[in-house]
Amino acid sequence: QQLGQLISNVISRYGKHFSNYSLLRSFPSGHYQHLQADIINKPERVFIGINDNGRQVTVFYKDGNVVITQNNDFTRVITAYGRSGISRFPGGRVKAGTPVSPNRWMNSPNYLEISK
């Protein structure tokens, strides 16, 4: 029932279009602000559901990267990571991001894929 309500909220608030979104804050995990906005504006796939902590989330996937937002508020980014990201380690070491597969959300009963 919680997932059904989330779907209803997303569709009634945003319809089927996620365009013209611009973000004013930094992209977490080494990503860039313009990349985050691009992923949210033009996702290849979008999933909505309940994460492991019981939080309602929207997952935007594009080209091995994800942006995860809280509930149906696309301005409240929880995290973002993937192929285009970097990780910073103590001492200044940097590691390139690892591509993400959408299978994690596709194969979970806690998520539903919605179309753009």
Side-chain angles (χ1 to χ4, degrees):
Q1 183 175 1
Q2 220 176 6
L3 185 57
Q5 183 60 44
L6 177 60
I7 294 166
S8 231
N9 290 347
V10 169
I11 291 172
S12 67
R13 185 169 177 186
Y14 297 99
K16 295 182 179 180
H17 303 286
F18 300 105
S19 61
N20 299 324
Y21 171 78
S22 61
L23 188 71
L24 301 177
R25 59 186 256 190
S26 297
F27 200 70
S29 305
H31 280 73
Y32 300 104
Q33 184 173 322
H34 69 277
L35 178 59
Q36 180 179 10
D38 183 59
I39 293 168
I40 292 173
N41 281 327
K42 301 173 196 160
E44 291 173 9
R45 305 179 92 155
V46 179
F47 301 90
I48 56 175
I50 311 298
N51 71 7
D52 293 339
N53 297 324
R55 182 187 271 180
Q56 294 179 354
V57 296
T58 305
V59 178
F60 298 90
Y61 171 86
K62 183 176 182 178
D63 194 26
N65 297 298
V66 294
V67 175
I68 300 175
T69 64
Q70 185 175 340
N71 203 347
N72 56 356
D73 184 350
F74 305 144
T75 64
R76 299 191 66 177
V77 174
I78 296 170
T79 190
Y81 54 91
R83 181 186 63 77
S84 300
I86 58 171
S87 297
R88 297 184 194 281
F89 296 94
R93 287 186 312 132
V94 176
K95 178 185 173 196
T98 303
V100 177
S101 169
N103 290 340
R104 174 179 177 185
W105 301 281
M106 286 173 36
N107 298 327
S108 171
N110 292 334
Y111 290 90
L112 178 67
E113 185 168 5
I114 59 174
S115 53
K116 197 173 139 181

Checklist line | Spatial distance of atom CH2 (W105) from atom OG1 (T58) [nearest 0.5 Å] | finding: 12.5 Å
Notebook entry, point to check: Under the 3.5 angstrom rule, does the side chain of R83 hit a backbone N or O of D63 as a donor-acceptor pair?
Noted result: yes
Next item on the list: Assess whether atom CG of D52 is packed by more than 12 heavy atoms of other residues, nucleotides or ligands within 6.0 Å.
Entry: no
Note to self: Looking at every heavy atom in both Y61 and V66, which two are closest together, and how far apart are they?
What the structure shows: CD1-CG1, 3.8 Å
Item checked: side chain to side chain contact (heavy atoms under 4.5 Å, CB included) evaluation trace for I68 with N51 -> CA-CA 10 Å; I68 300 175; N51 71 7; 5.9 Å; no
Next item on the list: State, with a plain yes or no, whether a side-chain heavy atom of T98 is found less than 4.5 Å away from one of Y81.
Entry: no
Next item on the list: Report the distance from atom CZ of F60 to atom CD1 of I40, rounding to the nearest 0.5 Å.
Entry: 5.0 Å
Notebook entry, point to check: Between OG1 of T75 and CD of Q70, what distance do you get to the nearest 0.5 Å?
Noted result: 9.5 Å
Checklist line | Nearest heavy atoms of F74 and V77, plus distance in Å | finding: O-CG2, 4.4 Å
Checklist line | Distance-minimising heavy-atom pair for N65 and S84 | finding: OD1-N, 2.8 Å
Notebook entry, point to check: So how far is it from L112 CG to I50 CD1, rounded to the nearest 0.5 Å?
Noted result: 11.0 Å
Note to self: Apply side chain to side chain contact (heavy atoms under 4.5 Å, CB included) to residues K62 and D38 and explain how you reach the verdict.
What the structure shows: CA-CA 9 Å; K62 183 176 182 178; D38 183 59; 2.8 Å; yes
